[in-house]
Amino acid sequence: MSAPVRPQADLFIIGGGINGCGIARDAAGRGLAVTLAEMGDLAQATSSASTKLFHGGLRYLEFFEFRLVREALEERETLLAAMPHISWPMRFVLPWSPDMRFEADTPTSRILSLAMPWLRGRRPAWLIRLGLFLYDNLGGRRILPGTRRLDLSRDPLGKPLKPGFRRGWEYSDCWVQDSRLVVLNARDAQARGATILTRTRVTHAERADGLWRITTEGAGGTRIHHARALVNAGGPWVEDVIRNVAHIPSAEGVRLVRGSHIVVPRLYDHDRCYFFQGTDGRIIFAIPFEEDFTLIGTTDMDHRGPPGEARCTEEERDYLCAFASRYFTRPVTPDQVVWTYSGVRPLYDDGAKSATAATRDYVLSLQDGEAGGAPLLNVFGGKITTYRRLAEGALARLAPYFPQAGGDWTARVPLPGGDFPVDGVEDLLAQLQARHPFLSPRLSRRLVRTYGTEAFLLLDGAGSMAALGCDFGAGLTEAEVIWLIRHEFAATAEDILWRRTKLGLHMTEAQRRELAAFVDRHHAAHSAAE
């Protein structure tokens with residue numbers, strides 16, 4: 001009689017987006033043995049294609065998603081405390097016009113249509129102010145300033161806008177570097193004992209002898225893993241994992257909704273964002289981006305086809321340009337667009353009529369095996385702001401299977417590089433410049449905003465730019481590239497230029513090719529040494 005198979009992990013997680021990496025970090029910190037497999041690069045899909053905000057979701061109040069909004073508002077400041085290098089407060093300007101309308105099928109729109117039919121679907125100013133009052137007070141705000149009223153005909157914040165926008169408000173939310181958030185969660189999970197496997201596809205999973213038997217294909221060939229529980233955090237592929245990897249029949253599914261963004265040269269000089277409401281009931285943001293640009297998005301369209309093939313269509317590009325041009329004095333035109341990106345949100349399919357109305361809340365679906373063994377936890381939906389709470393919820397659902405696991409611990413615990421006060425960026429910047437005076441102010445700020453306290457480790461006592469090796473352009477040096485390869489799972493130039501950083505926006509095609517050649521040479525030399 002053969003000996004029983006011993007599990008290599010308590011949890012095996014499929015998916016290296018924000019939900020998978022957040023769960024991996026939480027579980028590893030509770031003392032569980034964790035393995036995570038991602039078929040591409042970390043944050044390669046939806047988690048690097050967000051609007052890059054920690055926000056409560058002001059628009060979701062119209063759908064009466066009060067629990068989701070409250071949880072997200074509470075999380076903003078919890079997350080700020082844990083990652084002050086990659087997340088920071090931002091102020092949003094919300095101009096008002098009598099032409100602003102609801103989407104027709106929101107609960108709020110339906111109620112107002114019955115109670116006040118003369119509004120004809122419009123968003124009255126008093127309703128917006130009520131929403132902002134709730135937004136200020138639902139989440140126990142302590143760090144972020146509250147809403148203030150604006151006279152856009154006099155306030156400098158109204159200068160980029162057309163003269164017809166005279167009234168508005170300014171409120172608070174937060175920026176986050178989304179793909180870096182994912183990588184830092186993966187790094188912290190690894191530091192706490194988790195195994196992180198990138199570019200490793202899970203091809204099959206089945207229950208056997210009370211465990212999950214998982215087959216992966218990666219650089220090292222085919223491997224078999226055994227785990228006590230399986231977490232399906234496949235994002236847009238969550239349904240595919242259920243049906244075609246685990247081969248489990250399920251009535252649950254996702255609604256794939258594409259959100260596209262455009263990037264144009266900077267449209268105004270100040271550091272505020274704009275929240276624009278359209279005549280079709282939709283909203284978009286215009287956000288200062290990477291010093292020299294403005295980010296505009298997002299769209300909400302049902303997505304057909306493979307999630308990995310999501311692209312911003314010409315229709316979406318033109319829609320965003322026209323939407324922004326209804327507000328800005330200077331028109332935004334398609335020829336200004338320097339970059340687009342698009343991601344597919346895996347929203348839980350709740351039967352909503354439109355993509356906009358589909359719930360942004362997350363659903364954690366637990367399936368037991370026979371006799372209560374080898375559980376499968378499927379993660380549907382979610383938003384980047386609530387990823388930490390989602391991870392806590394996932395571990396709560398799995399707690400009966402792991403009585404030895406510790407309790408909740410992640411609130412306000414710093415991610416790598418985030419071990420300094422929320423208001424300590426300027427002090428950290430001054431320390432970095434004092435120790436490395438050869439750094440330009442712009443490069444110093446980027447390093448602090450990317451690596452936090454770990455910027456000192458990356459520079460490793462360098463006394464000149466030359467000591468950092470080859471300069472690939474836009475301040476990206478050989479020392480930084482090697483850091484990203486060794487410490488942050490970067491394997492290609494694309495990983496570095498478009499996920500670990502956004503320096504691809506600032507570099508020429510020739511510079512990007514030079515970086516790609518260097519990364520290839522580095523990997524070839526490393527392989528030969530092994």
Side-chain angles (χ1 to χ4, degrees), residues 15-22 38-55 57 72 86-87 173-186 198 233-238 240 254-264 273 282-287 289-290 293-317 319-320 337-347 355-356 358 360 362 379-387 390 489-490 492 494-505:
I18 188 56
N19 290 335
C21 291
E38 160 57 42
M39 64 180 176
D41 182 29
L42 298 174
Q44 186 164 308
T46 306
S47 294
S48 60
S50 77
T51 311
K52 310 186 192 313
L53 299 176
F54 280 152
H55 67 126
I86 63 166
S87 181
D173 263 321
C174 303
W175 175 261
V176 63
Q177 297 188 57
D178 53 5
S179 50
R180 290 206 57 75
L181 173 66
V182 177
V183 171
L184 294 183
N185 269 273
T198 61
W237 291 271
V238 62
D240 180 68
V254 290
R255 182 171 190 163
L256 300 181
V257 175
R258 187 174 65 252
S260 294
H261 300 75
I262 61 174
V263 176
V264 299
C273 311
R282 288 281 302 125
I283 66 100
I284 64 168
F285 296 101
I287 306 172
F289 187 59
E290 291 293 310
F293 304 95
T294 299
L295 171 65
I296 300 173
T298 179
T299 59
D300 266 324
M301 299 187 68
D302 285 312
H303 181 73
R304 313 295 179 196
E309 296 179 5
R311 300 291 184 270
C312 179
T313 65
E314 290 187 4
E315 177 188 5
E316 289 174 294
R317 179 202 63 193
Y319 171 84
L320 292 172
V337 175
V338 298
W339 186 46
T340 68
Y341 66 88
S342 188
V344 177
R345 306 181 190 101
L347 306 183
T356 304
R360 266 55 177 176
Y362 56 81
V379 180
F380 296 94
K383 56 200 296 281
I384 197 166
T385 313
T386 52
Y387 87 90
L390 181 152
F489 308 97
T492 69
E494 182 182 352
D495 299 347
I496 293 166
L497 294 176
W498 301 107
R499 284 183 286 277
R500 306 306 182 276
T501 75
K502 292 296 183 289
L503 292 176
L505 280 169

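All of these numbers come straight from a predicted model, not from anything done at the bench.
- Of the possible donor and acceptor atoms, none in the side chain of S260 sits under 3.5 Å from a partner among the backbone N and O of S342.
- Here the straight-line distance linking atom CG of L320 with atom CD1 of I284 works out to 6.0 Å at 0.5 Å rounding.
- Using a 4.5 Å heavy-atom threshold, the side chains of D41 and T492 count as separate.
- The CZ atom of R345 sits 12.5 Å away from atom NE2 of H303, with the distance rounded to the nearest 0.5 Å.
- In this structure, CD1 on I86 lies 6.5 Å from CZ on F54, to the nearest 0.5 angstrom.
- You'll find the side chain of D173 stays beyond 4.5 Å of the side chain of L53, heavy atoms only.
- The closest side-chain donor-acceptor pair between N185 and Y387 falls under 3.5 angstrom.
- Side-chain contact between S48 and V182: absent, with no pair of heavy atoms (C-beta onward) separated by less than 4.5 Å.
- Within the 4.5 Å cutoff, side-chain heavy atoms of I287 are placed close to those of T51.
- Here CG of L347 is found 8.0 Å from CZ of R255. Values are rounded to the nearest 0.5 Å.
- Considering only heavy atoms from C-beta on, F489 stays 4.5 Å or farther from E38 through its side chain.
- Closest approach of W237 to G308, counting heavy atoms only: CZ2-N, 3.5 Å.
- The shortest heavy-atom contact between P236 and T46 is CG-OG1, 3.3 Å.
- A heavy-atom distance below 4.5 Å is found between the side chains of D300 and R282.
- Residue M39 holds its CE atom at 7.5 Å from CD of Q44, rounded to the nearest 0.5 Å.
- With E316 as the fixed residue, the side chain to side chain donor-acceptor pair (under 3.5 Å) test singles out one of T298, T299, T340: T299.
- Between H261 and Y341, the ring-plane angle classifies as parallel under the 30° and 60° cut-offs.
- Between the side chain of T501 and the backbone N or O of L503, at least one donor-acceptor pair lies under 3.5 Å.
- V254 approaches P346 most closely through the heavy-atom pair CG1-O, 4.0 Å.
- Here the side chains of E494 and R499 are in contact, with some heavy-atom distance below 4.5 Å.
- Side-chain atoms of S47 do not come within 3.5 Å of backbone N or O of G17 as any donor-acceptor pair.
- Side-chain atoms of R180 come within 3.5 Å of backbone atoms of R500 as a donor-acceptor pair (strictly under, hydrogens ignored).
- Considering every non-hydrogen atom in both L390 and G381, the closest pair reads CD1-O, 4.4 Å.
- A pairwise comparison of heavy atoms in A310 and V344 identifies CB-CG2, 3.5 Å as the closest pair.
- Remark: side-chain polar atoms of K502 are not paired, donor with acceptor, to backbone N or O of Q177 under 3.5 angstrom.
- Taken from CD1 in I262 to OG1 in T294, the straight-line distance is 10.0 Å, to the nearest 0.5 Å.
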From CA spacing to verdict: side-chain contact (heavy atoms from CB on, under 4.5 Å), V238, V379: CA-CA 7 Å; V238 62; V379 180; 5.7 Å; no

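- Taking every heavy atom of both residues into account, L505 and W339 meet most closely at CD2-CB, 3.7 Å.
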